[in-house]
Amino acid sequence: QVQLVESGGGSVQAGGSLRLSCAASGRTFNSYVMGWFRQAPGKEREFVAAINWSGGTIMYADSVKGRFTISRDNSKNTVYLQSNSLKPEDTAVYYCAAAPGRYVPITPPLYNYWGQGTQVTVSS
């Protein structure tokens, strides 16, 4: 069992930055692929970024490439999402998720564990 707790969300103006964190419980954090997803009102949950256990494989959605950076610190059981050059269309609830194994999935059903989400609001 893995429990995930996100933090770092908030309200910023367009062009601003936020650093989201996701703290995981459990001693097997480094055996999980970690992902970030987001869901805007009235829209489906969408993939943002994911990172494998070593950080050697990283995936990004096209909409965030060059602006967002995912990273992890296995010694702290934490995954991060540095979000720069934020746009109003980035406004959503951001979720952290964990998937077992070495394959890096980008679809929500392949992730077993989810956090409660943290709100990011970007104003123009």
Side-chain angles (χ1 to χ4, degrees):
Q1 190 77 6
V2 177
Q3 292 186 328
L4 304 172
V5 179
E6 301 98 335
S7 61
S11 297
V12 296
Q13 291 191 330
S17 298
L18 284 173
R19 188 193 195 202
L20 306 184
S21 299
C22 173
S25 65
R27 294 174 292 178
T28 59
F29 175 74
N30 61 2
S31 67
Y32 286 89
V33 170
M34 299 301 298
W36 286 96
F37 292 79
R38 66 187 182 186
Q39 189 166 18
K43 295 188 176 181
E44 292 188 352
R45 192 167 298 189
E46 66 173 2
F47 170 75
V48 175
I51 185 170
N52 75 331
W53 69 277
S54 68
T57 300
I58 291 176
M59 308 281 284
Y60 292 104
D62 287 344
S63 58
V64 306
K65 278 182 182 176
R67 301 188 298 121
F68 289 15
T69 302
I70 188 171
S71 61
R72 66 190 293 164
D73 186 338
N74 290 337
S75 69
K76 296 181 179 179
N77 281 14
T78 302
V79 62
Y80 305 97
L81 185 69
Q82 178 66 44
S83 309
N84 299 329
S85 302
L86 283 162
K87 305 175 181 180
E89 51 263 43
D90 294 318
T91 295
V93 177
Y94 282 70
Y95 297 91
C96 170
R102 297 183 179 276
Y103 168 71
V104 180
I106 62 171
T107 55
L110 296 179
Y111 284 79
N112 297 47
Y113 303 103
W114 292 84
Q116 82 289 349
T118 186
Q119 177 71 46
V120 171
T121 303
V122 184
S123 59
S124 58

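Because the structure is a prediction, the values reported are computed rather than measured. Here, residue 1 is the first one in the sequence, and each next residue gets the next number.
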Quick one: pull up [atom1] in [X] and [atom2] in [Y] and give me the separation to the nearest 0.5 Å.
{"X": "Gln13", "Y": "Ser124", "atom1": "CD", "atom2": "OG", "answer": "9.0 Å"}
{"X": "Leu4", "Y": "Thr78", "atom1": "CG", "atom2": "OG1", "answer": "10.5 Å"}
{"X": "Asn112", "Y": "Gln1", "atom1": "CG", "atom2": "CD", "answer": "9.5 Å"}
{"X": "Cys22", "Y": "Tyr94", "atom1": "SG", "atom2": "OH", "answer": "15.0 Å"}
{"X": "Tyr95", "Y": "Leu20", "atom1": "OH", "atom2": "CG", "answer": "13.0 Å"}
{"X": "Tyr80", "Y": "Trp36", "atom1": "OH", "atom2": "CH2", "answer": "10.5 Å"}

Inset, instruction - For Asn84, check side chain to side chain donor-acceptor pair (under 3.5 Å) against everything at least two apart and list the hits. - result: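 Asn84 satisfies side chain to side chain donor-acceptor pair (under 3.5 Å) with Ser17, Gln82 once adjacent residues are dropped.
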Inset, instruction - State which residues pass salt bridge (charged side-chain N to carboxylate O under 4.0 Å, His left out) with Glu89; sequence neighbours excluded, sorted by chain then number. - result: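 For Glu89, no residue satisfies salt bridge (charged side-chain N to carboxylate O under 4.0 Å, His left out) once neighbours in sequence are set aside.
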Group every Ile, Leu, Val, Met, Phe, Trp and Tyr by side-chain heavy-atom contacts under 4.5 Å, then state whether [X] and [Y] land in the same group.
{"X": "Leu86", "Y": "Val93", "value": "no"}
{"X": "Val79", "Y": "Met59", "value": "no"}
{"X": "Val33", "Y": "Trp114", "value": "yes"}
{"X": "Ile58", "Y": "Val48", "value": "yes"}
{"X": "Phe47", "Y": "Val120", "value": "no"}

Legend entry - Summary of salt bridge (Lys or Arg N to Asp or Glu O under 4.0 Å) pairs that have at least one residue in residues 37-53, sequence neighbours excluded: Arg38-Glu46, Arg38-Asp90
Between [X] (side chain) and [Y] (backbone), is there a donor-acceptor pair under 3.5 Å?
{"X": "Glu6", "Y": "Gln116", "result": "yes"}
{"X": "Asn52", "Y": "Thr57", "result": "yes"}
{"X": "Thr91", "Y": "Val122", "result": "yes"}

Inset, instruction - Tell me who clusters with Trp53, hydrophobic residues only, linked when side chains sit under 4.5 Å apart either directly or through other members. - result: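 Direct or chained contacts put Trp53 with none.
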Inset, instruction - May I ask you to list the residues sharing a hydrophobic cluster with Tyr103, side-chain cutoff 4.5 Å, ordered by chain and number? - result: Leu110
Legend entry - Heavy-atom closest contact (Val104 atom, Ala50 atom, distance):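 Here Val104 and Ala50 meet closest at CG1-CB, 3.6 Å.
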Legend entry - For Ala92 against Gln119, the heavy-atom pair lying closest together: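 That would be O-NE2, 3.4 Å.
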Inset, instruction - Please assess Phe29 against Val2 for the test side-chain contact (heavy atoms from CB on, under 4.5 Å), listing each intermediate value before the final yes or no. - result: CA-CA 8 Å; Phe29 175 74; Val2 177; 5.9 Å; no
Inset, instruction - Would you indicate whether the side-chain heavy atoms of Phe68 and Leu81 approach each other to under 4.5 Å? - result: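 Of all side-chain heavy-atom pairs linking Phe68 with Leu81, at least one is under 4.5 Å.
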Legend entry - Residues forming a ring pair (Phe, Tyr, Trp, His ring centres under 6.0 Å) with Tyr111, sequence neighbours excluded: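 Partners of Tyr111 by the ring pair (Phe, Tyr, Trp, His ring centres under 6.0 Å) criterion, ordered by chain and then number, come out as Phe37.
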Inset, instruction - For atom CD of Gln3, decide whether the heavy atoms of other residues, nucleotides or ligands shown that lie under 6.0 angstrom number more than 12. - result: no
